[in-house]
Asker: 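Take a look at this one; I'll ask things after.
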Amino acid sequence: MKKTNNKGYLEVICGPMFSGKSEELIRRLRRAQIAQQHVLCVKHVLDDRWSVEHIVSHNGSMFKTRPLTNIQDILTLVESSQADVVGIDEAQFFSENLLTIVQALIKLRKRVIIAGLDLDFRGVPFGAMPTLMAISDTVTKLTAICTLCGDEAALSQRLINGSPARHDQAVVLIGAQEAYQARCRGCYQIGS
Ligand SMILES: [Zn+2]
């Protein structure tokens, strides 16, 4: 892992749901703090699963995080916090604008660490993630464990009222019970 950073550096942590992306992001940010670096962490405000002010990974580790709706606001935060290291969680939810912002941060010689879903529930590359993976210095693609067979899982299975979601189903369904599971390619299902 890079200790000092004077050129700008981009790391992407991706994978399906339940693959430990937030946990890995927190681990890297903690190490930077131990190295006496200024750390700033933001996440998309849509992610309010347990806490608004902290990233919470599925295993319960926490890290102080600023919720944002517009990624543009990160530039002011970076300036005021004098951050050397910038973490961005749930990056797939930010608009394509994220790419421009990340490039600006790299130009400012920041170490940027991005965590997010590489694929949506349909298995389609998610938002700015594929491009960020292409321009990054390192990509860490994590896997989860398939809920059905226990194999390595790279896909996020969306379930609506217990059945596999159809590809054309809206992202938000009013009144429907929605759940996600990690699945391998063999167990991943498309609703009909
Ligand atoms: Zn499986």
Side-chain angles (χ1 to χ4, degrees), residues 1-2 9-31 41-50 55-63 65 71 86-96 98-99 102 111-173 176-192:
M1 198 53 59
K2 209 165 163 58
Y9 198 79
L10 177 61
E11 298 161 41
V12 173
I13 303 161
C14 64
M17 294 179 79
F18 315 112
S19 60
K21 298 182 295 297
S22 298
E23 208 181 312
E24 177 59 19
L25 174 63
I26 293 169
R27 191 185 73 85
R28 293 186 195 184
L29 296 177
R30 287 225 169 101
R31 284 166 55 90
C41 190
V42 303
K43 69 171 178 186
H44 196 276
V45 82
L46 196 87
D47 175 40
D48 57 353
R49 49 190 171 193
W50 291 300
I55 295 184
V56 182
S57 72
H58 289 282
N59 82 345
S61 13
M62 290 173 89
F63 196 90
T65 299
I71 192 63
V86 182
I88 303 174
D89 199 22
E90 300 288 358
Q92 75 279 352
F93 290 130
F94 286 110
S95 63
E96 300 284 334
L98 174 62
L99 182 63
V102 167
R111 175 184 170 200
V112 184
I113 313 172
I114 285 181
L117 293 166
D118 45 353
L119 302 171
D120 65 16
F121 72 93
R122 301 166 300 168
V124 173
F126 210 143
M129 290 299 287
T131 315
L132 288 165
M133 287 163 75
I135 65 159
S136 72
D137 294 272
T138 68
V139 176
T140 305
K141 185 153 172 161
L142 301 172
T143 54
I145 297 297
C146 177
T147 312
L148 299 190
C149 75
D151 209 343
E152 300 278 335
L155 296 163
S156 305
Q157 174 75 56
R158 184 185 188 207
L159 299 165
I160 308 286
N161 298 326
S163 303
R166 294 193 318 267
H167 280 187
D168 58 355
Q169 252 159 346
V171 174
V172 180
L173 287 175
Q177 264 224 316
E178 191 184 38
Y180 286 90
Q181 289 179 349
R183 297 255 183 119
C184 72
R185 281 188 206 283
C187 297
Y188 174 78
Q189 286 174 292
I190 301 158
S192 49

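This chain uses plain numbering: 1 for the first residue, then up along the sequence.
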Asker: How are the rings of Phe94 and His44 set relative to one another: parallel (under 30°), tilted (30 to 60°) or perpendicular (over 60°)?
Answerer: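 If you compare the ring of Phe94 with that of His44, the planes turn out perpendicular.
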Asker: Please assess Lys141 against Asp118 for the test side chain to side chain contact (heavy atoms under 4.5 Å, CB included), listing each intermediate value before the final yes or no.
Answerer: CA-CA 9 Å; Lys141 185 153 172 161; Asp118 45 353; 2.9 Å; yes
Asker: Where the side chain of Asp151 meets the backbone of Cys146, is there a donor-acceptor pair that is under 3.5 Å apart?
Answerer: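 It does not hold such a pair.
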Asker: Dump the intermediate steps for side chain to side chain contact (heavy atoms under 4.5 Å, CB included) on Thr143 and Ser19, then the final yes or no.
Answerer: CA-CA 5 Å; Thr143 54; Ser19 60; 5.7 Å; no
Asker: Can you measure from CG (Leu148) to CD (Gln181) and round to the nearest 0.5 angstrom?
Answerer: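 So the gap between those two atoms works out to 6.0 Å.
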Asker: Quick one: which of Val12, Leu10, Ile114 gives a side-chain contact (heavy atoms from CB on, under 4.5 Å) with Met133?
Answerer: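 Answer to the side-chain contact (heavy atoms from CB on, under 4.5 Å) test with Met133 among Val12, Leu10, Ile114: Val12.
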Asker: Look up atom SG in Cys41 and atom CG in Leu25, then write down how far apart they are to the nearest 0.5 Å.
Answerer: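 Here the rounded value is 5.0 Å.
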Asker: Treating Lys21 as the side-chain partner and Pro16 as the backbone partner, does any N or O pair qualify as donor plus acceptor under 3.5 Å?
Answerer: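 Looks like yes, one N/O pair under 3.5 Å.
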Asker: Please report the closest heavy-atom contact between Ala115 and Asp89, naming both atoms and the distance.
Answerer: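 Taking Ala115 first and Asp89 second, the nearest heavy atoms are CB-OD1, 3.4 Å.
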Asker: For Arg185, does the CZ atom sit with more than 12 other heavy atoms under 6.0 Å from it, leaving out its own atoms?
Answerer: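 Not buried by this count: 12 neighbours or fewer within 6.0 Å.
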Asker: Quick one: OG on Ser136 to OH on Tyr9, what's the gap to the nearest 0.5 Å?
Answerer: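 Reported value, rounded in 0.5 Å steps: 8.5 Å.
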Asker: Do the non-hydrogen side-chain atoms of Ile71 and Val102 ever get within less than 4.5 Å of each other?
Answerer: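 Ile71 does not reach Val102 side chain to side chain.
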Asker: So, does Gln92 use its side chain to make a donor-acceptor pair with the main chain of Gly116 at under 3.5 Å?
Answerer: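 Checked: no pair found.
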Asker: After noting the C-alpha distance and the side-chain angles of Ile13 and Arg28, does the key distance pass the side chain to side chain contact (heavy atoms under 4.5 Å, CB included) rule?
Answerer: CA-CA 11 Å; Ile13 303 161; Arg28 293 186 195 184; 3.7 Å; yes
Asker: Is the shortest heavy-atom distance from the side chain of His167 to the side chain of Ile190 under 4.5 Å?
Answerer: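 Yes. Closest side-chain heavy atoms under 4.5 Å.
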Asker: Return the minimal non-hydrogen interatomic distance between Ile145 and Ala182, and the atom names on each side.
Answerer: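 Ile145 and Ala182 have their closest heavy atoms at O-CB, 3.7 Å.
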Asker: Grab the two heavy atoms, one from Phe63 and one from Thr65, that are nearest each other, plus how far apart they are.
Answerer: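 Shortest heavy-atom separation between Phe63 and Thr65 comes out as O-OG1, 2.9 Å.
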Asker: Do Glu24 and Leu142 have side chains that approach each other closer than 4.5 Å (heavy atoms only, starting at C-beta)?
Answerer: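 They are in contact (side-chain heavy atoms under 4.5 Å apart), so the answer is yes.
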Asker: If you measure from CD on Glu11 to CG on Leu132, what distance do you get to the nearest 0.5 Å?
Answerer: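 Rounded to the nearest 0.5 Å, the CD-CG separation comes out at 13.0 Å.
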Asker: Do Cys14 and Leu117 touch side chain to side chain, with heavy atoms closer than 4.5 Å?
Answerer: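 Not touching, per the 4.5 Å side-chain cut-off.
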Asker: Distance from Arg183 atom CZ to Gln189 atom CD, nearest 0.5 Å?
Answerer: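 It comes to 5.5 Å.
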Asker: Please assess Ser156 against Arg122 for the test side-chain hydrogen bond (donor to acceptor under 3.5 Å, both in side chains), listing each intermediate value before the final yes or no.
Answerer: CA-CA 8 Å; Ser156 305; Arg122 301 166 300 168; over 6 Å; no
Asker: Any Lys/Arg nitrogen of Glu23 or Arg27 sitting under 4.0 Å from an Asp/Glu carboxylate oxygen of the other?
Answerer: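 Not counted as a salt bridge, because no side-chain N and carboxylate O are separated by less than 4.0 Å.
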Asker: Any chance the side chains of Ser163 and Arg158 put a donor and an acceptor closer than 3.5 Å?
Answerer: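 There is no such pair between these side chains.
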Asker: Side chains of Ile113 and Val86, heavy atoms from C-beta outward: is any pair under 4.5 Å?
Answerer: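 A side-chain contact under 4.5 Å is absent here.
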Asker: Looking only at heavy atoms, which two atoms of Ala144 and Met17 are closest? And how far apart?
Answerer: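 Heavy atoms only, the tightest pair is CB-O, 3.7 Å.
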Asker: So how far is it from Phe121 CZ to Leu155 CG, rounded to the nearest 0.5 Å?
Answerer: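 Nearest 0.5 Å value for the CZ-CG distance: 12.5 Å.
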Asker: Can you label the angle between the Phe126 ring and the Phe93 ring as parallel, tilted or perpendicular, going by 30° and 60°?
Answerer: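 Perpendicular, since the angle between the ring planes exceeds 60°.
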Asker: List for me each residue that meets salt bridge (charged side-chain N to carboxylate O under 4.0 Å, His left out) alongside Arg166, sequence neighbours excluded, and say none if there are none.
Answerer: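 Partners of Arg166 under the salt bridge (charged side-chain N to carboxylate O under 4.0 Å, His left out) test: Asp168.
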